[in-house]
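Contents: one structure, followed by commentary.
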Protein chains: 2
Amino acid sequence: MRGMTESRTGAENKPTTSRLLEPTYEGDFVLDGDLLLESGRALVKPTLHYAVYGRLNAARDNAVLVCHALTGSALVGSWWPEIFAPGAVLSLEHDFVICINMLGSCYGSTGPGSVNPSTGLPYGPNFPLVSIRDNVRAQAQLLDSLGIQRLRLVLGGSIGGMQALEWAMYDPERVERAVIIGVTPLSAMGLALNHLQRQAIQNDPDWAGGNYLPQRPPRRGLSLARQIGMLSYKSAALFEERFSRNPNRNGEDPWALDGNGGGLIGGRFDIAGYLDHQGQRFIDRFDANAYLAILRTMDTWDPLGAETTPEEAFGHIRARLSFIGISSDWLFPEADVRRFASVIRSTGVHADYREMVSDHGHDAFLAEQAELVRLLQ
Amino acid sequence: MRGMTESRTGAENKPTTSRLLEPTYEGDFVLDGDLLLESGRALVKPTLHYAVYGRLNAARDNAVLVCHALTGSALVGSWWPEIFAPGAVLSLEHDFVICINMLGSCYGSTGPGSVNPSTGLPYGPNFPLVSIRDNVRAQAQLLDSLGIQRLRLVLGGSIGGMQALEWAMYDPERVERAVIIGVTPLSAMGLALNHLQRQAIQNDPDWAGGNYLPQRPPRRGLSLARQIGMLSYKSAALFEERFSRNPNRNGEDPWALDGNGGGLIGGRFDIAGYLDHQGQRFIDRFDANAYLAILRTMDTWDPLGAETTPEEAFGHIRARLSFIGISSDWLFPEADVRRFASVIRSTGVHADYREMVSDHGHDAFLAEQAELVRLLQ
């Protein structure tokens with residue numbers, strides 16, 4: 001992938017170095033006691049890594065919680081900078097923005113790579129199932145400690161949207177408004193995609209049942225998992241426009257006699273070079289077990305469930321909800337988001353729906369932030 | 001997967017035991033000399049395994065060539081039986097139907113598992129790139145040997161459709177009609193899906209650079225490759241209808257404390273059990289290197305190419321072409337098939353287009369044969 005960094009960097013990977021977007025504070029919050037999980041297990045004094053932007057006002061009524069997506073971090077100013085643009089959704093001057101790394105992640109909160117205080121060893125594959133509700137309950141303790149009893153807004157896309165809706169369900173008194181972008185409970189196709197990604201990691205012998213050494217992680221498996229994910233985050237139209245059937249831009253020849261692996265493999269097409277590049281970037285920044293942990297958090301989120309009525313699940317929500325579906329989203333089709341919003345609306349909850357028209361697929365909420373801002377204004 | 005065989009068997013896997021559909025003859029044809037390939041290599045006296053159904057009439061004008069899809073075989077009567085139903089597309093009484101296993105496959109024609117006569121060793125990963133055109137040229141020699149100078153019809157779906165169109169391009173005088181189902185040159189998304197499947201196999205340590213022992217093939221990698229493929233052959237709607245968010249029907253619990261692999265993996269959902277089952281079935285019947293070989297054949301097919309005009313590529317076709325797009329096809333979207341047909345039509349060739357409405361996705365031409373027959377009548 002030599003020399004490709006620049007040419008492969010699309011809009012969604014734009015480096016964001018603006019000093020404006022440095023957090024006011026970034027640090028750890030350690031829960032006082034154990035966090036009892038829905039699964040029946042507990043996390044012993046887990047840590048939440050978080051970042052805040054702006055300042056809490058005297059009335060303490062300007063707090064906004066941003067929930068990050070699967071492989072995001074607490075540094076929302078770095079991955080969602082245009083949301084903070086002048087006149088956009090959030091204001092560093094008027095808002096107090098909090099973003100908290102999910103449990104299970106590898107960006108500072110307790111996850112599979114953390115040491116389990118009761119054993120003195122990393123959790124590794126024994127890291128328990130932490131639900132979206134568990135995350136919200138832990139986050140609530142952090143907000144309590146910051147003296148935040150009202151959230152003027154909770155917002156997030158993808159698994160961040162799951163958290164935003166769960167917040168409105170969990171603590172109806174605290175949430176005034178929630179914006180839920182590109183998400184519903186995972187469909188059968190979504191569960192299938194996660195199943196494939198999980199296998200890609202498990203099939204890598206370096207995964208070692210989750211007990212890999214930090215210096216020898218399952219790189220190829222994690223790269224393939226990411227690439228499977230990328231397919232579901234983007235759209236066919238976008239790939240076609242960007243890559244078409246072009247040979248890889250580094251000069252490889254898909255028609256060559258002998259590629260890597262003999263006659264069976266051949267040189268790569270441009271789309272393949274792009275996906276490999278994305279996989280490589282990812283293994284340098286993310287942990288395989290953390291990825292597995294959060295996939296499971298995502299898989300198991302289903303507020304309606306089999307034995308719950310919409311009224312029981314959602315009827316008590318008091319926040320104004322806004323759902324946003326993305327026209328080219330294949331992972332969470334916009335028609336599904338629209339239907340989900342309408343089920344919730346049918347329980348008497350305020351839940352409007354807006355469609356974001358983009359050919360960027362699921363990733364549009366990160367890749368086309370200006371469009372998203374327009375829709376939210 | 002114990003006890004799941006019955007419940008997992010969907011319509012597309014229906015066993016076909018009707019005695020009517022036994023071939024009239026099944027055997028091998030060995031090419032007289034070397035087959036010079038577009039890639040510049042040659043296959044030394046390659047074998048084509050083929051099956052015929054019905055009898056060639058005295059006028060020798062009732063021959064039909066069926067081209068199989070990626071993992072199909074020459075036994076078209078077994079995998080496409082409803083095409084032969086009374087009053088359907090083909091008649092055992094009136095037609096002489098030939099189906100030839102693709103080069104690269106593991107169902108009898110020369111492929112990576114075959115012995116290279118010039119070395120005395122299996123080709124393995126050195127099996128060369130065999131193009132769609134190379135396949136057609138080899139098939140033409142077989143037809144010559146059978147005394148078939150006219151084909152009243154050539155038809156196929158997916159990579160079989162690539163061959164059908166290539167036949168009309170390669171030998172305009174021989175082909176009267178071609179039916180091309182659910183296919184165009186692979187889009188960037190299609191190339192991406194093949195790239196992922198290739199990696200799934202390559203990442204399996206048992207693949208051994210393609211030099212695996214027959215008794216120790218890369219089973220997990222091939223299973224994952226098949227599962228990635230399955231996602232693109234089916235549709236989200238079909239998965240939702242069949243599997244929804246149900247736990248695996250064998251009783252696994254996706255919310256369980258400890259699944260296989262500790263807390264990070266969990267019990268499977270039903271869709272995951274289905275995909276694993278499909279992967280298992282596949283590794284019992286197909287070879288990993290053969291799969292890689294045919295993926296490459298598919299990847300590299302692009303009759304238009306970058307430097308060819310539609311007139312140059314298609315203008316000389318004399319057959320009547322019929323293209324069929326499948327409404328829920330995600331791998332070869334029906335709009336792409338429609339557009340492809342219209343490009344060809346613009347060169348003055350007869351090329352009609354019909355849409356098959358089905359929520360079975362790309363597989364519909366195998367899974368909903370009765371529908372396909374209706375459309376072809």
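Worth knowing before you read on, the calculation uses all heavy atoms, side chains too, and leaves out hydrogens, waters and symmetry mates. Chain identifiers are assigned alphabetically (A, B, ...) following the order of the sequence lines, protein sequences preceding nucleic acid strands; residue numbering begins at 1 within each chain. All values reported here derive from a predicted model rather than from experimental measurement.
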Do you know the tightest heavy-atom contact between [X] and [Y]?
{"X": "A/P112", "Y": "B/L264", "answer": "CG-CD2, 4.0 Å"}
{"X": "B/S187", "Y": "A/E240", "answer": "CB-OE1, 3.2 Å"}
{"X": "A/I271", "Y": "B/A192", "answer": "CG1-CB, 3.7 Å"}
{"X": "B/F239", "Y": "A/A188", "answer": "O-CB, 3.5 Å"}
{"X": "B/F269", "Y": "A/D299", "answer": "CZ-O, 3.6 Å"}
{"X": "B/Q202", "Y": "A/R220", "answer": "O-NH2, 3.2 Å"}

Heavy-atom proximity to chain A below 4.5 Å, by part of [X]:
{"X": "B/P185", "result": "both"}
{"X": "B/T297", "result": "neither"}
{"X": "B/R198", "result": "side chain"}
{"X": "B/N203", "result": "both"}

Among [options], which residue has the highest count of heavy-atom pairs closer than 4.5 Å to chain A?
{"options": "B/G221, B/S235, B/P205", "answer": "B/P205"}
{"options": "B/P333, B/S244, B/G210", "answer": "B/S244"}
{"options": "B/I294, B/N246, B/I228, B/L295", "answer": "B/I228"}

(message) Counting heavy-atom pairs closer than 4.5 Å to chain B, which one of A/S39, A/G190, A/S131 comes out on top?
(response) A/S39
State whether the side chain of [X] and the backbone N or O of [Y] hold a donor-acceptor pair below 3.5 Å, judged by distance alone.
{"X": "B/W255", "Y": "A/T300", "answer": "yes"}
{"X": "A/R296", "Y": "B/P254", "answer": "yes"}
{"X": "A/R245", "Y": "B/L186", "answer": "yes"}
{"X": "A/Q199", "Y": "B/L224", "answer": "no"}

(request) Might you work through the side-chain contact (heavy atoms from CB on, under 4.5 Å) test for B/M189 and A/L231, ending with a clear yes or no? (result) CA-CA 8 Å; B/M189 183 61 90; A/L231 249 63; 3.6 Å; yes
(message) I want to check something: taking the side chain as every heavy atom from C-beta on, are A/D276 and B/H195 in contact at a cut-off of under 4.5 Å?
(response) yes
